[in-house]
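Because only heavy atoms are used, hydrogens play no part in the values below, and waters and symmetry mates are left out as well, while side chains stay in. Counting starts at 1 for both ligands and their atoms, in listed order.
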Amino acid sequence: MAITAEIRVGADKLDLPVIVGSEGEVGIDIGTLRDKTGAITLDPGYGNTGAGESAITFLDGELGILRYRGYPIEQLAGSASFLEVSWLLLKGELPTAAELANLIAAERANRAVPDHVQAVLAACPQNTHPMAMLASCIVTLSSSHSDEDDAIAGLPANQLRLMAQLPVIAAYIYRRSQGLPLVPPDSERDYAANFLHMMFAGTGKQSDDVAIANAMDLLFILHADHEQNCSTSTVRLVGSSQADYFASVAAGVCALWGPLHGGANQAVVEMLDEIVHRGGKVDWVVAQAKDKASGFRLMGFGHRVYKNFDPRAKLIKVQADVVLDKLGKDDEQLDLAIGLEHAALADEYFVQRKLYPNVDFYSGIIYRAMGFPQEMFTVLFAIGRLPGWTAHWNEHNAGKARIGRPRQIYTGRNARDFVPLQAR
Ligand code: SDX
């Protein structure tokens with residue numbers, strides 16, 4: 001039976017068209033609402049409002065399902081590489097052997113970062129947060145590359161270049177912050193291995209371990225896309241003004257930085273450190289999180305969409321054991337995080353609100369064990385999320401994209417006359 005929607009606004013009755021997606025999701029098209037009734041809808045935070053149709057990622061928050069172009073994250077995480085998944089997100093299909101070989105070769109050949117990006121990094125004060133430096137470097141890339149350049153390996157040139165150069169820029173940011181000499185990209189190493197080598201060569205940290213590089217590659221996959229999240233919606237909205245690709249991605253980096261979004265992975269580790277500092281008892285932090293007056297939130301817990309376990313958190317938790325075991329580290333933080341998860345999931349406050357660990361709850365523990373400073377954690381999230389941002393930017397601009405411009409309900413002062421200064 002066809003689903004219909006009817007809305008009554010005062011004396012007006014309006015039948016609205018309904019769109020049913022390929023997974024049975026139902027969307028009410030309110031495109032004529034204001035013209036026909038004068039009313040708009042209100043939905044702060046957009047919890048009930050779809051930005052449009054998308055064929056990239058499907059997630060079911062009630063069932064804890066996440067699929068990229070129809071492939072379950074659990075299958076991709078165990079079988080594909082990050083470059084394969086990037087191609088899948090961008091092109092809609094897994095690459096053939098020839099397509100993947102071309103992509104790998106092109107990525108390795110385009111890692112060189114333009115010289116002026118070094119100048120941008122050199123101009124940043126030493127205490128600049130890595131996410132600020134990342135956004136600055138990305139947006140200045142538009143001065144050396146054009147959206148009109150010829151495609152490379154079947155991808156828009158700028159998008160391939162940024163995929164290849166983002167880890168290099170990230171490594172430069174880290175090395176500069178540590179006063180270490182820069183390590184040039186090595187075209188003999190694969191994506192994640194080159195990144196870790198450029199980050200940690202000569203520091204005594206794991207820079208050449210295959211298992212650690214595989215874990216890094218898998219973590220990039222788990223962060224690659226997540227439909228209309230805050231930073232992806234930002235990239236789509238900025239792109240809708242026909243701003244260039246680099247400007248749109250730089251805006252996404254800035255949105256991701258917030259502790260309620262991608263910045264949560266850093267905030268989780270800071271929270272766990274605070275628990276350790278206070279004697280390692282988790283009950284006070286659970287109590288704080290339940291106390292509205294505290295303004296404190298249990299970082300790494302809760303999600304706008306997932307009202308069940310975030311499937312990525314489960315996979316990352318497994319990786320935490322693999323990486324810590326490989327590095328011979330028994331991480332007090334991991335034990336603490338597991339204890340905190342158990343305490344929270346046994347507490348009615350969290351159960352009733354369906355607050356489960358999300359993607360950020362365990363990832364910081366792995367990153368720290370690998371040797372990353374916590375200020376770099378969200379940069380790692382950005383490297384993983386780049387193909388998702390790019391796929392959504394392309395999808396939004398492929399259609400007859402109108403510029404995104406939400407309406408509002410004004411609640412300010414009514415019309416009044418200007419008061420001259422001498423009369424105030
Ligand atoms: C990411 O959207 C995505 O897909 C994002 C992401 C991606 O891959 O792009 O998955 C990545 O951003 C994961 C989320 C990382 N952020 C955190 O871990 C920060 C901690 N989490 C919360 O701040 C919160 O859960 C959000 C921001 C994630 C979601 O916020 P919502 O959907 O706006 O939820 P809400 O604020 O309306 O909370 C509903 C209730 C409230 O209590 P009541 O008013 O009903 O009594 O749950 C409470 C909240 O106070 N609540 C929490 C909580 N999260 C929600 N209480 C304590 N601790 C928390 N973490």
Side-chain angles (χ1 to χ4, degrees), residues 43-51 54 56-62 64-68 73 77 85 89 131 219-236 252-272 275 282 284-316 337 340-341 343-345 347-365 377-378 380-389 391-392:
D43 186 20
Y46 309 115
N48 304 279
T49 299
S54 178
I56 300 169
T57 289
F58 171 72
L59 57 93
D60 181 317
E62 282 66 36
I65 293 172
L66 172 58
R67 300 188 199 124
Y68 296 160
I73 189 67
V85 169
L89 288 168
M131 288 294 274
L219 285 159
F220 286 150
I221 290 171
L222 295 177
H223 287 81
D225 192 48
H226 216 238
E227 54 132 280
Q228 305 292 328
N229 60 83
C230 178
S231 54
T232 301
S233 298
T234 300
V235 171
R236 290 181 78 119
V253 168
C254 294
L256 186 71
W257 189 2
L260 293 189
H261 190 16
N265 54 20
Q266 177 179 341
V268 167
V269 165
E270 290 165 349
M271 174 183 72
L272 294 172
I275 295 171
V282 299
W284 72 272
V285 77
V286 172
Q288 280 269 89
K290 292 162 60 178
D291 173 11
K292 297 290 181 228
S294 74
F296 173 79
R297 291 219 161 165
L298 195 57
M299 302 314 279
F301 255 74
H303 198 277
R304 171 63 55 78
V305 178
Y306 287 124
K307 301 309 172 190
N308 196 327
F309 260 91
D310 182 333
R312 302 167 298 176
K314 287 182 187 173
L315 294 166
I316 290 175
L340 183 52
E341 175 187 329
L345 295 185
D347 189 296
E348 186 50 30
Y349 173 93
F350 293 87
V351 173
Q352 183 210 337
R353 291 168 178 79
K354 298 181 181 175
L355 304 176
Y356 290 88
N358 60 46
V359 67
D360 293 307
F361 190 62
Y362 287 105
S363 54
I365 292 168
F377 292 177
T378 313
L380 303 177
F381 196 143
I383 295 171
R385 186 51 55 88
L386 180 63
W389 285 336
H392 281 274

Ligand 1-proximal atoms of E227, by part, heavy-atom distance under 4.0 Å: neither

Location of contacts on H261 toward ligand 1, heavy atoms closer than 4.0 Å: both

T234 vs W389, side-chain contact (heavy atoms from CB on, under 4.5 Å): CA-CA, chis, key distance, verdict: CA-CA 9 Å; T234 300; W389 285 336; over 6 Å; no

Set of residues satisfying side-chain hydrogen bond (donor to acceptor under 3.5 Å, both in side chains) with respect to N48, sequence neighbours excluded: D43

Atoms of ligand 1 close to G302 [distance to a heavy atom under 4.0 angstrom, numbered from 1]: 25 (O), 28 (C)

Protein residue, atom and distance nearest to atom 21 (N) of ligand 1, heavy-atom basis: F301 O, 2.9 Å

cation_pi(R353, Y349) dist<6.0 Å, angle<=45: yes

Residue and atom name of the nearest protein heavy atom (relative to atom 14 (C) of ligand 1), distance in Å to one decimal: N358 ND2, 3.5 Å

With S54 via side-chain hydrogen bond (donor to acceptor under 3.5 Å, both in side chains) - residues at least two apart: E395

Atom 37 (O) of ligand 1 protein-contacted (non-hydrogen atom, under 4.0 angstrom): no

Minimum-distance protein heavy atom relative to atom 29 (C) of ligand 1: R304 N, 3.8 Å

Residue portion contacting ligand 1 (non-hydrogen atoms closer than 4.0 Å) for Y306: neither

Mode of D360 contact toward ligand 1 - side chain, backbone, both, neither (heavy atoms, under 4.0 Å): side chain

Location of contacts on H223 toward ligand 1, heavy atoms closer than 4.0 Å: neither

Side chain S233, main chain N229, donor-acceptor under 3.5 Å: yes

Residue selection (non-hydrogen contact nearest atom 30 (O) of ligand 1) among K354, M299, R297, K307: R297

Residue portion contacting ligand 1 (non-hydrogen atoms closer than 4.0 Å) for V268: neither

